[in-house]
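Along the sequence shown, the residues carry numbers beginning at 1. The figures that follow rest on heavy atoms only: side chains count, while hydrogens, waters and symmetry mates do not.
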Amino acid sequence: MFFSTLKLKPSRIQALAGIISLLLLQAATIGAKTLPLEKIKLPPGFRISLFADNVPGARSMALSPGGTLFVGSRDNAGRVYALLDRDGDYRAEEVHVIASGLNEPNGVAFREGALYVAEINRVLRYDGIEAHLADPPKPVTVFDKLPSDRHHGWKFIRFGPDGKLYIPIGAPCNICEPAPVYASINRIDADGTGFEKIAGGIRNTVGFDWHPSTHELWFTDNGRDYLGEDLPPEELNYAPKTGLHFGYPYRHGKDIIDPEFGSKGQGLVFIPPARELNPHAAALGMRFYLGGQFPSEYKQQIFIAEHGSWNRSKKIGYRVSLVRLEGSRAVSYESFAQGWLGPDESVWGRPVDLQELPDGSLLVSDDYAGAIYRISYQSPVKPAQGEPLKVSPGEKLELGVADSALIGGQFSYSWKVDDSAVPGAISAVFSLTVDNLPLGGHRVELTVEDKTAAKTYKFNWQVTVTGPSGLSCDFSGNGVVDVVDVIALLILGHSFPAEPRLDYNRDGRIGAEDALSLIRDMRDGNCPADTDTAGVRG
């Protein structure tokens with residue numbers, strides 16, 4: 001009875017709806033399983049962290065000059081999100097639902113203070129959106145003449161260097177000879193006028209970008225299904241001019257004739273892909289890397305989000321790949337970030353889109369986990385033995401490539417320095433996480449104090465080893481410590497040959513066989529009886 005008589009102004013209803021949506025969004029993430037980011041394998045020096053983990057169905061992304069990250073979705077709720085990182089710690093503190101109930105609003109683009117959102121059949125515009133995240137304005141319909149087919153109907157949109165909004169229209173089928181408006185990339189003026197088809201023969205693209213020097217359009221394209229496990233390949237294409245045809249449905253990849261439609265399309269000139277990608281990997285979002293944070297060999301190269309296969313007996317994709325270019329030639333294709341697909345083919349994440357941040361780090365959206373990840377880079381640095389630590393508060397140091405190969409595991413460590421009033425005092429916390437140990441994963445924490453002004457590291461040290469059952473065993477000692485040896489020999493000695501070249505023993509040095517024995521004992525639920533050592537010398 002109360003609710004039937006309660007009357008609110010429309011503005012308050014809208015505000016209340018926004019609050020309820022935010023509360024529901026937060027409630028949906030309560031109790032969610034922690035995402036296992038330690039499983040993601042990246043090149044040395046790269047790290048992955050969570051930018052946001054409460055964005056259900058996160059798909060395409062667009063970043064405003066003011067720093068608001070807009071995210072589209074394809075979930076049943078039809079939501080569009082706005083994420084804010086106000087304190088600059090690369091973790092979004094605010095997630096606003098600025099629209100809901102839309103028709104698969106996958107695509108988002110930002111221009112001159114307005115957010116453009118692509119539904120299946122139309123493009124909307126939210127003017128002055130950043131000033132009204134809590135009470136979004138009613139959208140303006142920019143263009144409403146797109147087909148309403150749901151099959152490949154979701155849209156990825158971006159503004160090109162020419163100031164026009166680019167809109168793909170996917171084929172309304174797996175394989176067919178559709179009307180000319182389908183299987184295409186098109187563009188319109190920002191006000192919705194001037195619709196123009198610029199490329200055809202494109203089955204379904206959900207990601208494109210322009211080369212920063214040539215301004216040529218590059219795009220991913222998903223190949224047809226039911227030609228087999230390994231056919232056809234996905235494609236990375238580029239269009240140096242308008243009016244080109246990229247083969248669908250007559251030809252796939254560079255030279256695969258379609259068994260149903262290959263005899264048709266007479267007189268057409270087909271443009272082969274710049275690079276064939278893994279079959280059925282669902283290559284979606286792609287970006288040229290323009291930032292200065294990653295090493296120079298990544299500059300103006302192409303990152304691709306591979307959403308992952310759905311109809312292969314052995315799954316493929318579920319990663320971020322890298323295509324390297326020489327001019328307009330794609331000369332290599334490799335994995336950059338992988339681990340969302342487990343060795344047992346279990347899946348916990350599916351990359352969708354990529355967005356570069358102003359600092360040069362790279363965001364990756366994941367509609368399966370409802371998350372946005374941030375991939376950043378810091379040049380690997382290892383403190384040289386025989387010299388004092390040269391670190392400042394909060395500075396992070398990583399072991400280099402050679403050390404990673406030495407112990408055979410994915411790992412990193414960081415020094416956190418405490419500004420102590422004691423002259424020359426350094427209080428550092430060391431943490432290590434290692435994957436893929438034959439006897440189960442272990443977490444190691446090493447606390448070090450340097451109370452000397454000596455040129456060598458004279459540390460009191462303590463190592464806590466936590467086994468898979470939660471058993472925790474402590475080790476302590478003192479002496480001159482080489483951190484690499486502490487890791488490689490005390491904890492991961494099993495990665496050395498049966499007859500290790502480095503013969504460490506219990507007279508102050510821990511050897512490979514001792515490390516194996518230690519891990520086996522812990523696996524059985526026991527801490528080794530002899531947990532004190534005189535020291536470890538590097």
Is [X] salt-bridged to [Y], going by a charged N under 4.0 Å from an acidic O?
| X | Y | answer |
| --- | --- | --- |
| Arg319 | Glu306 | yes |
| Glu334 | Arg324 | yes |
| Asp221 | Arg203 | no |
| Asp53 | Arg91 | yes |
| Asp353 | Arg59 | no |
| Lys314 | Asp230 | no |

Measure from the side-chain N and O atoms of [X] to the backbone N and O of [Y], and report whether any donor-acceptor pair falls under 3.5 Å.
| X | Y | value |
| --- | --- | --- |
| Asp209 | Phe288 | yes |
| Lys164 | Arg187 | no |
| Glu276 | Pro233 | no |
| Glu119 | Asn103 | yes |
| Ser60 | Asn106 | yes |
| Ser73 | Arg79 | yes |
| Asn278 | Ala281 | no |
| Asn174 | Asp225 | yes |
| Glu94 | Leu84 | no |
| Glu356 | Gly291 | yes |

Pairing donors with acceptors under 3.5 angstrom, does anything connect the side chains of [X] and [Y]?
| X | Y | value |
| --- | --- | --- |
| Arg374 | Ser49 | no |
| Tyr166 | Arg158 | no |
| Asp149 | Tyr182 | yes |

Roughly how far, to the nearest 0.5 Å, is the [atom2] atom of [Y] from the [atom1] atom of [X]?
| X | Y | atom1 | atom2 | value |
| --- | --- | --- | --- | --- |
| Lys138 | Asp127 | NZ | CG | 13.0 Å |
| Leu124 | Leu102 | CG | CG | 6.5 Å |
| Lys299 | Leu325 | NZ | CG | 14.5 Å |
| Arg125 | Tyr116 | CZ | OH | 5.0 Å |
| Arg350 | His307 | CZ | NE2 | 4.0 Å |
| Ile169 | Asn186 | CD1 | CG | 4.5 Å |

Would you say [X] and [Y] make side-chain contact, with heavy atoms under 4.5 Å?
| X | Y | value |
| --- | --- | --- |
| Phe143 | Leu165 | no |
| Val97 | Val80 | no |
| Thr205 | Leu284 | no |
| Val206 | Thr220 | no |
| Leu236 | Tyr333 | no |
| Asn311 | His280 | yes |

- Residues two or more places apart in sequence or in another chain: which of them pass side chain to side chain contact (heavy atoms under 4.5 Å, CB included) with Ala183? Ala171, Pro178, Tyr248

- Item | Working for side-chain contact (heavy atoms from CB on, under 4.5 Å), residues Val352 and Asp366 | CA-CA 6 Å; Val352 177; Asp366 178 347; 5.9 Å; no

- Task: Evaluate the criterion side-chain contact (heavy atoms from CB on, under 4.5 Å) for residue pair Ile185 and Phe219; output intermediate values, then yes/no.
- Result: CA-CA 10 Å; Ile185 296 179; Phe219 59 93; 3.9 Å; yes

- Query: Between Phe46 and Phe294, how do the two ring planes meet: parallel, tilted or perpendicular, split at 30° and 60°?
  - Reply: perpendicular

- Item | Parallel, tilted or perpendicular: ring planes of Trp218 versus Tyr238, cut at 30 and 60 degrees | parallel

- Task: Measure centre to centre between the rings of Phe51 and Tyr373, then say whether the value is under 6.0 Å.
- Result: no

- Query: Are Phe110 and Phe159 near enough that their ring centres are under 6.0 Å apart?
  - Reply: no

Under the rule for salt bridge (charged side-chain N to carboxylate O under 4.0 Å, His left out), what residues qualify as partners of [X], not counting sequence neighbours?
| X | answer |
| --- | --- |
| Glu326 | Arg329 |
| Arg74 | Glu104 |
| Asp89 | none |

- Message: Would Val364 and Val320 count as a side-chain contact (heavy atoms from CB on, under 4.5 Å) here? Give the steps.
- Response: CA-CA 8 Å; Val364 181; Val320 175; 4.1 Å; yes

- Message: Apply side-chain contact (heavy atoms from CB on, under 4.5 Å) to residues Leu322 and Gln301 and explain how you reach the verdict.
- Response: CA-CA 7 Å; Leu322 173 69; Gln301 307 304 301; 3.9 Å; yes

- Residue list, ring pair (Phe, Tyr, Trp, His ring centres under 6.0 Å) with Tyr126, at least two apart or on another chain: none

- Which residues pass the ring pair (Phe, Tyr, Trp, His ring centres under 6.0 Å) test with Phe208, sequence neighbours left out? Phe156, Trp210

- Is atom CG of Asn76 surrounded by more than 12 heavy atoms (other residues, nucleotides or ligands) closer than 6.0 Å? no

